[in-house]
Amino acid sequence: MASTQTFKQRTLEIGAPEPEVAFPRDEYQRRLDVVRRRMSDAGIDLLYVTNPDHICYLSGYTAEWFQESGPKTWSGTSGIAVHVDHDHYLHFENEDEKLNAEFTTWPEHLLIMPEHDISSGFSGWLVGELAARGWIGKTVGMEFYSYRPNPADSAALRTLFEGQGASVVDGSDLVAGARLLKSPLELEVVREAARIGDIGLRAGIDAVRAGVTELDVYAEIVYAMAKAGGENAAITLPVVSGKKSACFHALSSRKKIEPGDIVNIDVCGVYRRYHSDVCRTVSVGEPDPDVAEYIGHIMNALDVARALIKPGLRVADFLDEMKRYYAETNLLENQWWIGGYELGISFPPDWVGAYYFDSWKDTGDDSFDPGLVSNYEANFYLPKDKGLSCMIDTMIFEEDQASFIHDVPCELYVAD
């Protein structure tokens, strides 16, 4: 007898691909338990997580699109609910993402909105489901510092929670704080991201020569990393040359690289959505001796930093020593930025973590604790109107050691 199921019904029932969950189940349980303890300390009964990085951190869920912009009626309010008294989360998604969620997460607590039309009241449905389960409680935390959902949808969702009698507060720091210090499993993944990043950076350095475009170099980087198992980075990788080298956040373009140009190549290798950041500078042809000496001081700073870092080091002490070096080499007054920020799970449009330090910030008693993964940037304007030179590497702090993890030598590269 012929099946009465539609192709749609059949596919949604059995169509999930083989699982691609990034970590074992107990790793996600550990993360959830940490978040719940932080919620208890903050007096929050329910946390509704909408930041894609944080959704992935708690569940493994990955996607290429999170409804951060588009038609007004396509609400970006899917996410994960965590209750302080329950040892599992609830993952709310629309029907279109059912199969994607099933193969990238442990899906036992996945709730799918009936019918796929996300314009028909997703926020009202999820709040109703939470209320029916008694999950809302007196205090609800929302991630007000996430770009998702947009301000209009965020306000509407807040009104729905308040309509259930809840006080709504900012819970942006709860998952951000939990993910700051990585587990040993996460550190292994970051090291693999660094390996992939080195492959991309070497490909980019090798591709630089007069007459090619910035996009030509960018293409070689992305191709090499994809072939090595790397994923797309959360920020478009900049290859900037000539006067554009001083516009470090400019996009790679059809601009041709010219003889005498300084070229900065900033790469994040990505593995299981974890990022590791590295940047080096290339000169097209032998640079002016003064420029070469200046860039040499910038690159040599990594050896100074490598000798300093250790678990528990006060961030302020590290910065003081680095600034002393930069002052002695006449770099400090020409800084673009000296600092760093947490790296980890990231989706477009940003790989910058919630924690940062820099030469202008009062870091108080902050320390580089075991489990922290951060980049270190030291970027300076150059003499002879040559733009900017950028040095970036990623450091990992473990229980008994600390290290910079990229293998591409930190030096000025000269392209023929």
Side-chain angles (χ1 to χ4, degrees), residues 197-225 235-269 277-306 322 325-326 328-338 375-394 404 406-416:
D198 285 344
I199 290 171
L201 180 57
R202 289 190 178 100
I205 292 170
D206 290 344
V208 172
R209 62 184 182 275
V212 304
T213 69
E214 294 170 343
L215 284 171
D216 289 331
V217 178
Y218 168 82
E220 295 299 323
I221 295 167
V222 174
Y223 177 77
M225 291 199 297
I235 296 175
T236 301
L237 306 176
V239 177
V240 287
S241 62
K243 289 188 175 181
K244 272 182 69 180
S245 68
C247 308
F248 193 47
H249 294 149
L251 291 169
S252 304
S253 73
R254 288 167 290 279
K255 175 189 175 300
K256 285 191 176 182
I257 295 172
E258 304 290 342
D261 277 357
I262 292 296
V263 184
N264 290 310
I265 302 174
D266 185 13
V267 171
C268 257
D277 191 14
V278 62
C279 181
R280 300 291 187 260
T281 296
V282 182
S283 173
V284 183
E286 289 293 338
D288 179 281
D290 290 342
V291 174
E293 181 182 20
Y294 200 84
I295 295 176
H297 292 319
I298 295 170
M299 299 301 161
N300 290 341
L302 186 61
D303 288 334
V304 178
R306 186 177 284 115
M322 294 310 301
Y325 168 81
Y326 295 128
E328 291 172 351
T329 51
N330 298 315
L331 298 176
L332 189 59
E333 65 183 6
N334 292 307
Q335 67 171 296
W336 185 78
W337 196 59
I338 301 168
N375 73 349
Y376 175 61
E377 299 193 21
N379 310 324
F380 299 88
Y381 293 99
L382 295 173
K384 306 296 177 80
D385 301 322
K386 284 298 184 179
L388 192 76
S389 177
C390 303
M391 191 293 296
I392 304 175
D393 212 296
T394 295
F404 285 95
H406 284 274
D407 290 335
V408 178
C410 192
E411 60 189 40
L412 172 63
Y413 291 84
V414 177
D416 295 335

Distance, nearest 0.5 Å, that separates CG of Asn300 from CD of Glu411: 10.0 Å
Separation of Met391 CE from Leu412 CG (nearest 0.5 Å): 14.0 Å
Separation between CG of Asp277 and CD1 of Ile392, rounded to the nearest 0.5 Å: 4.5 Å
Arg209 CZ: over 12 foreign heavy atoms closer than 6.0 Å: no
Ala207 versus Glu220, closest heavy-atom pair with distance: CB-CG, 3.9 Å
Exam field: side chain Ser245 to backbone Leu388, donor-acceptor pair closer than 3.5 Å: yes
Smallest separation among heavy atoms of Ser252 and Leu215, with atom names: O-CD2, 3.7 Å
Side-chain heavy-atom pair Arg202, Asp407 within 4.5 angstrom cut-off: yes
Separation between CG of Asp198 and NE2 of His406, rounded to the nearest 0.5 Å: 5.5 Å
CG on Asn379 to CG on Asn334, rounded to 0.5 Å: 12.5 Å
Side-chain touch Glu258/Val284, heavy atoms, less than 4.5 angstrom: no
Arg280 side chain to Tyr413 backbone, donor-acceptor under 3.5 Å: no
Donor-acceptor contact present, side-chain Glu214 to main-chain Ser241, <3.5 Å: yes
Shortest non-hydrogen contact between Ala378 and Tyr326, atoms and distance: CB-OH, 3.0 Å
Polar side-chain atom of Lys244 near backbone of Gly387 as donor-acceptor pair, under 3.5 Å: no
Non-hydrogen atoms of Tyr376 and Ile338 that approach each other most closely: OH-CG2, 3.6 Å
Parallel, tilted or perpendicular: ring planes of His249 versus Trp336, cut at 30 and 60 degrees: perpendicular
Ile298 vs Leu382 side-chain heavy atoms within contact, under 4.5 Å: yes
Heavy-atom check, side chain of Tyr218 versus side chain of Thr213, under 4.5 Å: no
Under 3.5 Å donor-acceptor, Ser389 side chain and Phe380 backbone: no
Glu286 backbone acceptor or donor facing Ser283 side chain under 3.5 Å: no
Heavy-atom pair of closest approach, residues Val278 and Asp266: O-OD1, 3.3 Å
Side-chain donor or acceptor of Asn264 paired with backbone N/O of Cys390 under 3.5 Å: yes
Heavy-atom check, side chain of Ile205 versus side chain of Val408, under 4.5 Å: yes
Minimum-distance pair of heavy atoms, taken over all atoms of Leu237 and Val267: CD2-CA, 4.0 Å
4.5 Å side-chain heavy-atom contact, Val291 and Ile295: yes
Asp393 side-chain N/O to Cys279 backbone N/O, donor-acceptor pair under 3.5 Å: no
Asp288 side chain to Asp290 backbone, donor-acceptor under 3.5 Å: yes
Interatomic distance, Asp385 atom CG to Ile262 atom CD1 [nearest 0.5 angstrom]: 12.5 Å
Tyr325 side chain vs His297 backbone, donor-acceptor pair below 3.5 Å: yes
4.5 Å side-chain heavy-atom contact, Val263 and Val217: no
